[in-house]
Amino acid sequence: MTDPLSYLGDQLNAWRQAGTFQTLRQLQTACEPVSRFDGREVINLASNNYLGLANHPKLVEAALDATRRLGVGSGAVRTISGTMAIHMELEQKIARFKSVEACVVFQSGFAANAGTVSAILGPDDHIISDQLNHASIIDGARLSKAKIHVFPHKDVASAARILSELDGAPGRKLLISDGVFSMDGDIAPMPELTAVAERHGAIMMVDDAHASGVLGRAGRGTIDHFGLHGRVHVQVGTLSKAAGVLGGYVCGSRDLIEFLYHRARPFLFSTSHPPAVAAACIAAFEIMENEPERIEALWDNTRYFKATLASAGFDTGASETPITPILVGEAKTAHAFSRALFEEGLFATGIGYPTVPEGKARIRTIVTATHTREQLDRAVEILVRVARRMNILRAPLPAA
Ligand SMILES: *Cc1c(COP(=O)(O)O)cnc(C)c1O
């Protein structure tokens, strides 16, 4: 008998031969600036723990306290009996933080995007989507069965042209973009996109997963960063990155949120967060509001690290945020670079096709507020040494 799943093993072998087979590195400590993975202490530039909250004592205490008082599980989906008071408290906290009428929390940012796009649009509608939008937006768009129009990355004129062509056509239009793009670290042209959406009567939606806790006052995201309050109808954020915990949320009008309570499938058909998660998230927002120095430290480290990388001669693409890719070309090179860096004490993920286009493979680095200058200097020293050895780094240009 042949195994009907044997094609999977064949594919895995092909990946092994291509040098793109991935093993999961095991984190054996808390997520820290220097963490132990697979038995090795490494500088961790591979997490989304921007503000160092994933292991913050106040979040840990909040989670423990909620667990002791309320248990480890909510017992049901939100629409049956799994809406705990602490879930509502978190939603109200986020709504106030973002200066919007209402907020709904999902189990993850992925569920927030996929659940929202597929709930508010149907087969007669149109989605105008940046080419580099996150997979959860793409999946939500497909699930909605709406017509998907992809525009080239950050190309506002193309988005406007698509919407012009749809003027007068039946169906609703949704213009959607990541606020900060997760693989390149560049920022969406939100003011221009919002103006285009307004001109054509389209719904404007932003996915601020990597902007939450990073951009805007106290980390309120791209809407606050660009002063677009009241003009973007659907704001998605994540609780899994800068907030340090787990979850996603949608902010907008009371009607939008009530509608999602009725129709967003992950909300209706998947159990709500444990109380510990909600409690830790509430503590995270308190810290973001009360300790702006964390975000300042994140940006100080970001500027310092980018400047050091640039003077060493690395190509960091279009990045404008703490996400700094180092472009190397082929996926195989990126993965080999990442493995060699790890051996020398630095963890930065290799990313290749299909996550990024062919030929644009990179390692991705993310500095956090809690890395020290010494750690960042050591990281660059390792990057330079390994890149020279592997001929990734161009030889320094002779002085003119
Ligand atoms: C990480 C990410 C998500 C998913 O968030 P999770 O909370 O990890 O599920 C969604 N959108 C973007 C742009 C992301 O980078």
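Positions are given from 1 along the sequence. We count ligands from 1, going down the list as the structure has it; atoms in each ligand are counted the same way.
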*Begin from the C-alpha positions of D184 and R362 and carry the test salt bridge (Lys or Arg N to Asp or Glu O under 4.0 Å) through to its verdict.*
CA-CA 9 Å; D184 294 87; R362 78 270 319 260; 3.4 Å; yes
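The protein non-hydrogen atom at the shortest distance from atom 5 (O) of ligand 1 is G109 CA, 3.5 Å. In this structure, the protein non-hydrogen atom closest to atom 11 (N) of ligand 1 is D207 OD2, 2.5 Å. Taking atom 9 (O) of ligand 1 as the reference point, the nearest protein heavy-atom neighbour is F110 N, 2.9 Å. In this structure, the protein non-hydrogen atom closest to atom 1 (C) of ligand 1 is K241 NZ, 1.4 Å.
Counting atoms of ligand 1 from 1 in the listed order, those under 4.0 Å from a heavy atom of G247 are 7 (O). Heavy-atom contacts of N113 reach the following atoms of ligand 1: 10 (C), 11 (N) (cutoff under 4.0 Å). Residue T238 has at least one heavy-atom neighbour below 4.0 Å for each of these atoms of ligand 1: 5 (O), 6 (P), 7 (O). Interface of H210 with ligand 1, defined as ligand atoms under 4.0 Å from a residue heavy atom, comprises 15 (O). Of all the atoms in ligand 1, the ones that sit under 4.0 Å from a non-hydrogen atom of S240 are 6 (P), 7 (O), 8 (O).
Taking the centre and axis of the six-membered ring of F267, the NZ or CZ atom of R78 falls outside the cone set by 45° and 6.0 Å.
Considering all non-hydrogen atoms of both residues, A243 and T238 come closest at CB-O, 4.5 Å.
Between E258 and R254, at least one side-chain N (NZ, or NE/NH1/NH2) sits under 4.0 Å from a carboxylate O, which counts as a salt bridge. Salt-bridge check for R389 with E344: passed, with a basic side-chain N closer than 4.0 Å to an acidic carboxylate O.
With no hydrogens or angles considered, no side-chain donor-acceptor pair links D130 and S177 at under 3.5 Å. A donor and an acceptor atom, one from each side chain of Y304 and D377, are located under 3.5 Å apart.
A distance below 6.0 Å separates the ring centres of F181 and H153.
Ligand 1 is never approached by G248 to a heavy-atom distance shorter than 4.0 Å.
Closest to atom 3 (C) of ligand 1 by heavy atom, among H134, M183, Q107, is H134.
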